[in-house]
Amino acid sequence: MRLDVVTIFPEYLDPLNVSLVGKARARGRLDVHIHDLREWTYDRHNTVDDTPYGGGPGMVMKTEPWGDALDQVLADGYEAGAHGPALVVPTPSGRPFTQALAVELSERPWLVFTPARYEGIDRRVIDEYATRLPVYEVSIGDYVLAGGEAAVLVVTEAVARLLPGVLGNAESHRDDSFAPGAMANLLEGPVYTKPPEWRGREIPDVLLSGHHGKIARWRRDEAFRRTAANRPDLIERCDPASFDKKDRETLSILGWAPEPGGRFWRRVEGVEE
Ligand code: ADE
């Protein structure tokens, strides 16, 4: 996969050299190119922003540097043999970045990121490139960052670990919270490793039992427990047809009950977690 990032803070992307993403680059699974947007400015002050039409606070990133930068980055990528680019525009006004979107992006051969500072990029830039390539405007959460660079790191890490040959164990992301499949819509429960006792704290006996069925059951119960506590909205959205008898029992103990339509709602506030 090829990644291009156009930014006014290239050094902000230095973490792409370490850990999993760094290894993916070293192994040739990721071909990362960081570009300084100011290289496409032609005035003495390397201006990339200007005041917003219609007034209001903050500054807006100008069309020309972004247009020239993206034209060149796309042309260079094509020349280097890349194909199928998609534009990824981090913005708090974008669609929520989810595991499903990470999977979709991981299937594309070439992502071009446009992290913006200030109040964002002049809309015409996004509209212009949307006529040529798929554009994903993504938000990594309901909060406002000072710029999109941290979002690029987040999206890149979520996408890179899905690329074949990047995670050591191909099964590792099968049980991820939010992964499509059996545990879909539940958060992962707690995990433990050696030693079996630490500061007087033991690990749950079932994990030492060697009984795969019981371990799977325990993990599912714990997943319900954690999801009910931290993300009740995920339980409410679950298709009740995916709950077995034991799931229903666990939910009932946690204070949930089915409504006439079958979906589960929290019956009592503040019961056992
Ligand atoms: N830029 C500023 N805030 C952001 C957010 N929450 N997600 C993506 N990009 C952003």
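Start at 1 and go down the list; that is how both ligands and their atoms are numbered. This structure is a prediction, so every number in the text was calculated from the model and none was measured.
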- request: Could I get the full list of salt bridge (charged side-chain N to carboxylate O under 4.0 Å, His left out) partners for Arg117, not counting sequence neighbours?
  value: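 Scan of Arg117 (salt bridge (charged side-chain N to carboxylate O under 4.0 Å, His left out), adjacent residues dropped) gives Glu149.
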Table of N or O contacts for ligand 1, cutoff 3.5 Å:
| residue | atom | partner | partner atom | Å |
| --- | --- | --- | --- | --- |
| ligand 1 | 3 (N) | Leu145 | N | 3.0 |
| ligand 1 | 6 (N) | Gly141 | O | 3.1 |
| ligand 1 | 6 (N) | Tyr143 | O | 2.8 |
| ligand 1 | 7 (N) | Ile140 | N | 3.0 |
| ligand 1 | 9 (N) | Thr91 | N | 3.2 |

- request: Starting at OG1 of Thr156, measure out to CE of Met1 and round the result to the nearest 0.5 Å.
  value: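 With rounding to 0.5 Å, OG1 (Thr156) is 9.0 Å from CE (Met1).
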task: Please name the residue in the list Phe243, Trp256, Phe264 that meets the ring pair (Phe, Tyr, Trp, His ring centres under 6.0 Å) test with Phe224.
output: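 Result for ring pair (Phe, Tyr, Trp, His ring centres under 6.0 Å) with Phe224: Phe243.
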message: Let's go through Glu104 and Arg108 carefully: what are the C-alpha distance in whole Å and the side-chain angles of both, what is the deciding distance for salt bridge (charged side-chain N to carboxylate O under 4.0 Å, His left out) to 0.1 Å, and is it a yes or a no?
response: CA-CA 7 Å; Glu104 185 176 336; Arg108 301 209 58 102; over 6 Å; no
message: Evaluate Asp205 against Lys214 for salt bridge (charged side-chain N to carboxylate O under 4.0 Å, His left out), listing each step before the verdict.
response: CA-CA 11 Å; Asp205 285 342; Lys214 283 194 183 145; over 6 Å; no
- prompt: Trp218, Leu254: one ILVMFWY side-chain cluster at the under-4.5 Å cut-off?
  reply: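 In one cluster with Trp218: Leu254, no.
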